[in-house]
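Lettering of chains follows the sequences in order, A, B, ..., and the numbering in each one begins at 1. Values below: every heavy atom of this structure, side chains too, minus hydrogens, waters and symmetry copies.
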Number of protein chains: 2
Amino acid sequence: MASFSGHSSQSYAPSAPELPQSGRYGYHHGATPPPNHSYYGMPQQQQQQGPGYMQSWFPPGTNPDVIRAFEMVDRDRSGFIDENELQQALSSGYRRFNLRTIRLLMFLFKNPYDSLRIGPKEFAALWGCLGHWRAIFDRYDRDRSGKIDSMELRDALYSLGYALPPSVLQVLLSKYDDRSGRKVELNFDSFVECGMIVKGLTEKFKEKDTRYTGSATFTYDTFMTMVLPFLVSYD
Amino acid sequence: MASFSGHSSQSYAPSAPELPQSGRYGYHHGATPPPNHSYYGMPQQQQQQGPGYMQSWFPPGTNPDVIRAFEMVDRDRSGFIDENELQQALSSGYRRFNLRTIRLLMFLFKNPYDSLRIGPKEFAALWGCLGHWRAIFDRYDRDRSGKIDSMELRDALYSLGYALPPSVLQVLLSKYDDRSGRKVELNFDSFVECGMIVKGLTEKFKEKDTRYTGSATFTYDTFMTMVLPFLVSYD
């Protein structure tokens, strides 16, 4: 029997809850970039401008805060940000983000034309997605400790439709055990990482279990290709 | 069609090639610990002794170098070593080992009674296994660069019976890309990590594909529980 269920309204999005149509970050799914939008670089005349230079590159309706956050870290005004710049952008809003989570985010939201940098469209999607994770984190961090413990994580994932068996939850949390003997608690970035891994793997599983039987069949190639992106990354 | 094949002589061992019956490190598989062997601590009179104090705790026939390596890092002479001590032991023999690989090794070779430390039996098995990986590394590092590139990795894994499709190899190696623009090359510790991940996941897959059809069926719980141990770990 399946021990997971997805929200029926959820399509497969990059390992994160779907973004609400309106919300703090105001990014609208499916918005098309301006007609002159290109991933291959900004026209020269748009570079070297002051604040707001990126505005026309973001989807219409993007919250100005998102654009400002992008501009703050895009030091060379290339219209793209790399992993270090993304870390800087997210660390200001959500404490210091660990680079491993940044790389997972970069992978999941990657620009189809450039896997090492993200452009305005990907940044807006990523930002909105993190806003959604933040809301979940705050809702389930019931004791307002700024950290999520195992029961809070279980409930948060459950609310998203992922009913993890205790054995799976235990293995997942053991990866965050700092060997101090204290109970495992997750900061926001680790919570996002956990959530995206669970969501990513579960959605991959569900793609092969369309009738919700709780079992899925994979070829070896498919199995390896879907699992490896969630594994280790260079550091 | 299956794109992998296992050595028929290989049973599932902790994600590493089987240890040769005789070799540099001389540890014999299946050797039983001395009758007084216990994981719950050494008798007081055995503690605080000089070099060789661990000898009777290792499987008979263990190479004295292995015992010495253990004693060198077991500073408190508890008869167990933790991840930092293991890192120290392996770094002396094989340059500095990254802690992520150490944690994967600890997980795969873990003491059934204590997941945060390993005892002499696990250490000897781990050491022997690394000796085997070292021999493979040296054999396929054809240009003697001290690093394994993608083609050398492909050939090394192929020699172990893992014929990774190019797409899988590419995803695997992308995790080790340092974003410098240079081609990806693996040090010994990353090579061991890659090898153990490929071996570990492939063997798990094969357990569910006993007729070697190239497809395997998993329940959701099994899928998550088998994949998560290879994922991120605290750092």
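Only the side chain of B:Phe223 comes within contact range of chain A, with heavy atoms under 4.5 Å apart. At a 4.5 Å heavy-atom cutoff, the contact between B:Glu83 and chain A is made by side-chain atoms alone.
Using a cut-off of 4.0 Å between Lys/Arg side-chain N and Asp/Glu carboxylate O, A:Arg75 and A:Glu85 are scored as not salt-bridged.
Summarising the local packing, CE of A:Met151 is surrounded by more than 12 heavy atoms from other residues, nucleotides or ligands at distances under 6.0 Å. For B:Arg211, the CZ atom counts as loosely surrounded, since its 6.0 Å shell holds 12 or fewer non-hydrogen atoms of other residues, nucleotides or ligands.
The candidate from A:Asp82, A:Val184, A:Val171 with the greatest count of non-hydrogen atom pairs under 4.5 Å with chain B is A:Val171.
No side-chain donor from either of B:Asn187 and B:Tyr176 sits under 3.5 Å from a side-chain acceptor of the other.
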